[in-house]
Amino acid sequence: MKRSDSKKEMFSVMTNICARVVTLIFVFITLFRKFFNPSGNLMMGIDDILGVIFIGAVSGLAFGIFYVKNNLSARGTALLQLLYFAIINATVCATGFCLNWFKIELKPILVVEAMFVLIYFLVTFCVYMFDFNEAKKINEKLKARKNK
């Protein structure tokens with residue numbers, strides 16, 4: 001694979017992660033406010049929207065750490081996954097605090113953390129399924145080529 005193809009793939013994956021994170025955050029905000037705010041008031045300011053986009057952008061850019069070195073051991077991959085989780089978690093907490101999404105109290109922080117962990121695992125699962133399907137397609141093409 002050419003280096004330019006690798007960069008295009010990396011950019012594509014990072015953009016997809018950004019889009020998935022932003023989408024899932026907006027879905028969770030909508031559901032959370034629908035079920036926990038009986039008035040149904042769903043007002044979001046431009047700062048809130050930009051905050052969500054910022055979190056998505058950081059999520060996508062931070063995913064670039066997985067492209068730093070290929071063929072990592074299971075331990076190395078786990079450490080990168082932990083680092084990625086910490087970067088995103090810190091970004092969510094800092095952004096949420098700066099934009100007054102929650103107070104520095106136990107219950108609001110736990111709610112934000114629970115939503116963060118759920119969104120994190122949903123995006124991770126989506127990326128895994130995307131990679132799994134790509135690998136499956138490649139294996140099918142190799143099998144077809146082998147049978148010719």
Side-chain angles (χ1 to χ4, degrees), residues 1 3-141:
M1 182 183 303
R3 187 167 175 83
S4 63
D5 289 342
S6 177
K7 284 184 179 182
K8 286 178 186 175
E9 176 190 344
M10 180 178 80
F11 182 75
S12 174
V13 169
M14 291 165 69
T15 304
N16 284 329
I17 287 173
C18 177
R20 289 177 184 143
V21 167
V22 169
T23 301
L24 284 171
I25 289 173
F26 281 125
V27 166
F28 271 81
I29 288 170
T30 303
L31 292 174
F32 182 79
R33 289 193 175 172
K34 176 72 175 162
F35 292 112
F36 294 105
N37 188 3
S39 70
N41 189 1
L42 261 148
M43 300 281 283
M44 288 186 77
I46 190 71
D47 290 343
D48 299 323
I49 293 168
L50 291 174
V52 171
I53 292 170
F54 175 73
I55 291 168
V58 171
S59 299
L61 289 172
F63 196 79
I65 64 174
F66 293 104
Y67 287 93
V68 171
K69 190 171 183 181
N70 292 336
N71 301 324
L72 287 173
S73 66
R75 184 177 179 190
T77 302
L79 286 173
L80 281 182
Q81 197 72 281
L82 186 61
L83 176 64
Y84 181 67
F85 181 87
I87 290 168
I88 305 308
N89 195 11
T91 303
V92 168
C93 290
T95 303
F97 179 69
C98 289
L99 295 176
N100 295 317
W101 288 349
F102 57 87
K103 298 176 185 172
I104 302 296
E105 296 173 5
L106 185 60
K107 186 177 178 183
I109 291 174
L110 289 177
V111 169
V112 169
E113 283 297 314
M115 287 193 297
F116 166 72
V117 168
L118 191 55
I119 290 170
Y120 179 83
F121 284 110
L122 284 172
V123 171
T124 302
F125 179 74
C126 287
V127 170
Y128 171 78
M129 291 306 293
F130 176 77
D131 289 346
F132 179 79
N133 286 333
E134 286 297 311
K136 188 176 177 180
K137 288 177 188 175
I138 291 169
N139 285 335
E140 287 172 0
K141 287 180 182 179

Colleague: Less than 4.5 Å apart, side chain to side chain, heavy atoms only: is that true for Thr77 and Gln81?
Modeller: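 With C-beta onward as the side chain, the pair stays apart.
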
Colleague: If we only count heavy atoms from C-beta on, is the Tyr84 to Ser59 side-chain gap below 4.5 Å?
Modeller: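 Yes, side chains in contact.
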
Colleague: Could you walk me through whether Met115 and Val111 pass the side-chain contact (heavy atoms from CB on, under 4.5 Å) check?
Modeller: CA-CA 6 Å; Met115 287 193 297; Val111 169; 4.1 Å; yes

Colleague: How close do Leu83 and Ile65 get, counting heavy atoms only, and between which atoms?
Modeller: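 Here Leu83 and Ile65 meet closest at CD2-CD1, 4.1 Å.
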
Colleague: Side chains of Asn89 and Glu113: does their closest heavy-atom pair fall under 4.5 Å?
Modeller: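 A side-chain contact exists here, since the closest heavy-atom pair is under 4.5 Å.
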
Colleague: Of all the heavy-atom pairs spanning Ala57 and Cys18, show the shortest one and how long it is.
Modeller: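 So the two residues come closest at N-SG, 3.6 Å.
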
Colleague: Val92 and side chain to side chain contact (heavy atoms under 4.5 Å, CB included): which partner among Val112, Ile119, Ile25?
Modeller: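 For Val92, the side chain to side chain contact (heavy atoms under 4.5 Å, CB included) test succeeds with only one of Val112, Ile119, Ile25, which is Val112.
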
Colleague: Taking the six-membered ring for Trp and the full ring for Phe, Tyr or His, determine whether the centres of Tyr120 and Phe125 are under 6.0 Å apart.
Modeller: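 Not close enough - the centres of the two rings lie 6.0 Å or further apart.
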
Colleague: After noting the C-alpha distance and the side-chain angles of Phe28 and Phe116, does the key distance pass the ring-ring contact (aromatic ring centres under 6.0 Å, His included) rule?
Modeller: CA-CA 10 Å; Phe28 271 81; Phe116 166 72; over 10 Å; no

Colleague: For the pair Asn16 (side chain) and Ser12 (backbone), establish whether a donor and an acceptor sit closer than 3.5 Å, ignoring hydrogens and angles.
Modeller: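 The answer is yes, because a donor-acceptor pair under 3.5 Å joins these two groups.
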
Colleague: Distance from Thr124 atom OG1 to Arg20 atom CZ, nearest 0.5 Å?
Modeller: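 With rounding to 0.5 Å, OG1 (Thr124) is 10.5 Å from CZ (Arg20).
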
Colleague: Please report the closest heavy-atom contact between Pro108 and Phe102, naming both atoms and the distance.
Modeller: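 Closest approach of Pro108 to Phe102, heavy atoms only: CB-CB, 3.8 Å.
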
Colleague: Looking at CG of Leu110 and CG of Leu106, how far apart are the two atoms once the value is rounded to the nearest 0.5 Å?
Modeller: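 One finds 4.0 Å between CG of Leu110 and CG of Leu106.
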
Colleague: Apply side-chain contact (heavy atoms from CB on, under 4.5 Å) to residues Val52 and Trp101 and explain how you reach the verdict.
Modeller: CA-CA 11 Å; Val52 171; Trp101 288 349; 4.0 Å; yes

Colleague: Starting at NZ of Lys136, measure out to NZ of Lys141 and round the result to the nearest 0.5 Å.
Modeller: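 One gets 14.0 Å once the value is rounded to the nearest 0.5 Å.
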
Colleague: Identify the two heavy atoms, one from Ala62 and one from Ile88, that lie closest to each other, and give their separation to 0.1 Å.
Modeller: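 Minimum heavy-atom separation between Ala62 and Ile88: CB-CD1, 4.1 Å.
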
Colleague: Would a 4.5 Å heavy-atom cut-off, applied to side chains only, mark Phe66 and Val13 as touching?
Modeller: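 No, side chains not in contact.
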
Colleague: I'd like to know if the side chain of Thr23 reaches the main chain of Ala19, judged simply by a donor and an acceptor atom lying under 3.5 Å from each other, with no hydrogens or angles considered.
Modeller: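 Answer holds: yes.
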
Colleague: Hey, could you give me the CE/OG1 distance between Met10 and Thr15, rounded to the nearest 0.5 Å?
Modeller: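 Met10 CE to Thr15 OG1: 10.0 Å, rounded to 0.5 Å.
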
Colleague: Please report the closest heavy-atom contact between Thr91 and Ile87, naming both atoms and the distance.
Modeller: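 That would be OG1-O, 2.8 Å.
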
Colleague: Give, for atom CZ of Phe121 and atom OH of Tyr128, the distance between the pair rounded to the nearest 0.5 Å.
Modeller: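 Reported to 0.5 Å precision, the distance equals 15.0 Å.
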
